[in-house]
Amino acid sequence: DGKTPTPRAEGDPTASHGLVRVGKEFDEGTHAFNLTGTSVKREDETVAAVDDARYRRNGYSGGFDFMMNFDDRNWRVSGSGVGTFVDPVMDPIDPTVSTDKRYGTGGDFDFRRAGGNLRGGVGFRWEHDLLDPNDMGFMSAPDEKVFHAHALWLYDSDGEDKPFNRAEINISGSTSTFYAGNTGYDVETGEKAWEYDGDHHQHTSIDFNTWGQLKNFQQGWIWVGHRFEGTSKYATREFYDPFDPPQYTENGNEQYTRYRGPLMTSPAWTGVSFGVDSDWRKPWAIGLDFEFGGNAQGSRHREYEANLRWNQSEHFTHSLGVEYSTNDEDAQWMDNFANDGSQAGVPGIGGIDHVFGRLEQETWELVLRSNILFNRDQSLQIYVAPYHTYGGYTDPRWLATPDSYDLRPYDLAASEYDFNYGQVNVNVVYRWEYRPGSTFYLVWTHGKVRYDERGARGDDDWQAGWEPGFAFGTEPENTLSLIHI
């Protein structure tokens, strides 16, 4: 899930890490081929002191990548491949947890025209569902095969007296399937509740965008995209088996086995966005961006953004950005409940009720940046970004059929999930290059976070909505760092 693992004893388990990369370039860099290998070997006697399963395993990976250019680099073929091998160590808390070795592969292949005014290419990418390089990196969602293609036309006036300095038109499309299938079982009876095969369709989309810069350096762009009806395996989230008792760590923390929910249909979606920017070379420059989208089930998204830049001098530049968006989502996941039979006509799926609601959400964001160049060796960067979003839920419904958009009414106090969330982030970075190639960075980070939910407050009069300074009154987290490079 991307969170930093928390050891149950002080320090991480003793481990040996290895990394090797060798390669060769040919024909003055026109072609290249590289090999990479990694390894993580943990000492068994120290593994028992850790809760997180990712710290109780050995991992190895190997891969290659290549690039070949032709016709004076106008045509290019490139690709890569990787294989991972994960060897879990026995769980000291629950010896029944599988220690089966896991193997996975992934890679990509790309063929394109990379030179000239008319460019384009096709490609293929795959990620095996057991591809797992998390010991040396991070991959959030393997298990897919993707085919993609694009065509690009470039225009450059080459300094001639033309209306446009530069312009481009791009058309792209992609389609993806799941790499592997999956099966879900009833949490109480153990009977099969849902199933899908490998190569099940996931998403197909097509996009068109164009951009142009006028002779006076003002510019604008337009994007139009359509995502056809597809499938999501993440919409129903993960859940814990209510009949599976937890295991307890030495710290007394509960550990549950997590299970993936069934597939759910993603309705077709169409979006359009456009924007304009004035001449960035002038003392004052402004940019405006707009985005609108919606799906076949009535979801709507609107986003408005304005940016103001002040080029005070060659030593001082400042910018202020304001963004406001509304999001009306027809089916936003709310929770997964164990089906206890208390709601008539709601059998759930595999003993679990996957519940969604209509969400009406608004978001405000402000970003302030200042760059101060004292001299070529010293500078100061300031970043301030308050953020506030709030939303309310209505019309709770449960998913009645796996791999569908079959949503039916569910008896739930949806307003208990209404929320307010705010944060404030401040970063200040002072740079001092005291001699060529040697630099000190003094970094101060200041953060505040606040989250309120009606159900947690137990206050019927509480309302989700705009609240100036919502996060400013909370206790901050401050960090001061000195970095030398």
Side-chain angles (χ1 to χ4, degrees), residues 1-3 5 36-40 52-65 79-89 91 96-110 123-148 174-187 190 192-205 227 230-241 244 256-266 333 336 349-350 352 354 399 402-404:
D1 57 5
K3 296 181 179 178
T36 304
T38 69
S39 67
V40 179
D52 196 291
R54 288 174 296 178
Y55 275 15
R56 292 197 306 268
R57 64 189 197 175
N58 301 314
Y60 311 91
S61 70
F64 69 90
D65 61 88
S80 65
V82 63
T84 61
F85 166 47
V86 175
D87 184 11
V89 178
D91 189 328
T96 64
V97 173
S98 174
T99 58
D100 292 344
K101 298 176 176 60
R102 300 194 297 275
Y103 307 86
T105 63
D108 70 278
F109 178 83
D110 184 84
F124 170 67
R125 186 184 79 250
W126 85 94
E127 297 167 359
H128 190 278
D129 63 312
L130 296 182
L131 177 65
D132 192 353
N134 283 328
D135 285 283
M136 297 294 286
F138 178 73
M139 175 171 288
S140 60
D143 184 25
E144 65 178 1
K145 291 184 284 189
V146 181
F147 295 88
H148 56 86
S174 67
T175 185
S176 66
T177 65
F178 297 122
Y179 190 103
N182 198 7
T183 303
Y185 298 90
D186 192 289
V187 296
K192 184 188 298 184
W194 51 266
E195 181 181 28
Y196 64 89
D197 298 326
D199 292 324
H200 187 292
H201 176 250
Q202 185 176 207
H203 296 300
T204 297
S205 64
R227 185 184 66 197
T231 306
S232 172
K233 74 172 186 178
Y234 302 105
T236 54
R237 305 299 200 275
E238 293 180 333
F239 63 89
Y240 301 111
D241 186 344
D244 185 14
Y256 291 88
T257 301
R258 294 182 296 179
Y259 299 89
R260 176 69 62 190
L263 299 180
M264 182 174 174
T265 295
S266 299
W333 177 83
N336 292 326
I349 298 176
I352 300 295
H354 303 279
L399 182 64
D403 200 5
S404 76

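What you are looking at is a predicted structure, and each value in this text was computed from that prediction instead of being measured. Only this structure's heavy atoms are used, side chains among them; waters, hydrogens and symmetry mates stay out.
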Taking only residues two or more places apart in sequence, or in another chain, which ones meet [X] in a salt bridge (charged side-chain N to carboxylate O under 4.0 Å, His left out)?
X	result
R125	E127, E144
R237	none
D65	R21
E238	R258, R260

With [X], which residues qualify under side-chain hydrogen bond (donor to acceptor under 3.5 Å, both in side chains), at least two apart?
X	value
N336	W333, H354
T265	none
T175	T204
K101	none

Is any side-chain heavy atom of [X] less than 4.5 Å from a side-chain heavy atom of [Y]?
X	Y	result
Y196	T231	no
K233	N182	no
V187	F239	yes
L130	Y103	no

Check your understanding: Is the distance between the ring centroids of F109 and F124 less than 6.0 Å?
Key ->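 Here the rings of F124 and F109 have centres that are no less than 6.0 Å from each other.
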Listed by chain and number, what are the side-chain contact (heavy atoms from CB on, under 4.5 Å) partners of [X], not counting sequence neighbours?
X	value
S205	S174, D207, R227
A193	none
D110	S78, R112, H148
P402	W194, P262, I349

Review point. Just one of T105, V146, D108 clears the side-chain contact (heavy atoms from CB on, under 4.5 Å) bar with W126, so which one?
Key: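 Among T105, V146, D108, the one that satisfies the side-chain contact (heavy atoms from CB on, under 4.5 Å) with W126 is T105.
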Point to revise | Under 3.5 Å donor-acceptor, T84 side chain and D132 backbone | key: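 At least one qualifying donor-acceptor pair exists.
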Practice item. Examine distances only and state if a side-chain atom of D199 and a backbone atom of T177 form a donor-acceptor pair shorter than 3.5 Å. Key: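 Checked: no pair found.
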Using every non-hydrogen atom in the two residues, find where [X] and [Y] come nearest and quote the distance to one decimal.
X	Y	result
E195	K192	OE1-NZ, 3.1 Å
Y60	S39	CD2-CB, 3.5 Å
G104	H128	CA-ND1, 3.9 Å
P142	Y234	O-OH, 4.0 Å

Gap between atom [atom2] of [Y] and atom [atom1] of [X] - 0.5 Å precision:
X	Y	atom1	atom2	result
D143	L131	CG	CG	10.5 Å
M264	S232	CE	OG	8.5 Å
Q202	F178	CD	CZ	4.5 Å
D87	R102	CG	CZ	9.5 Å

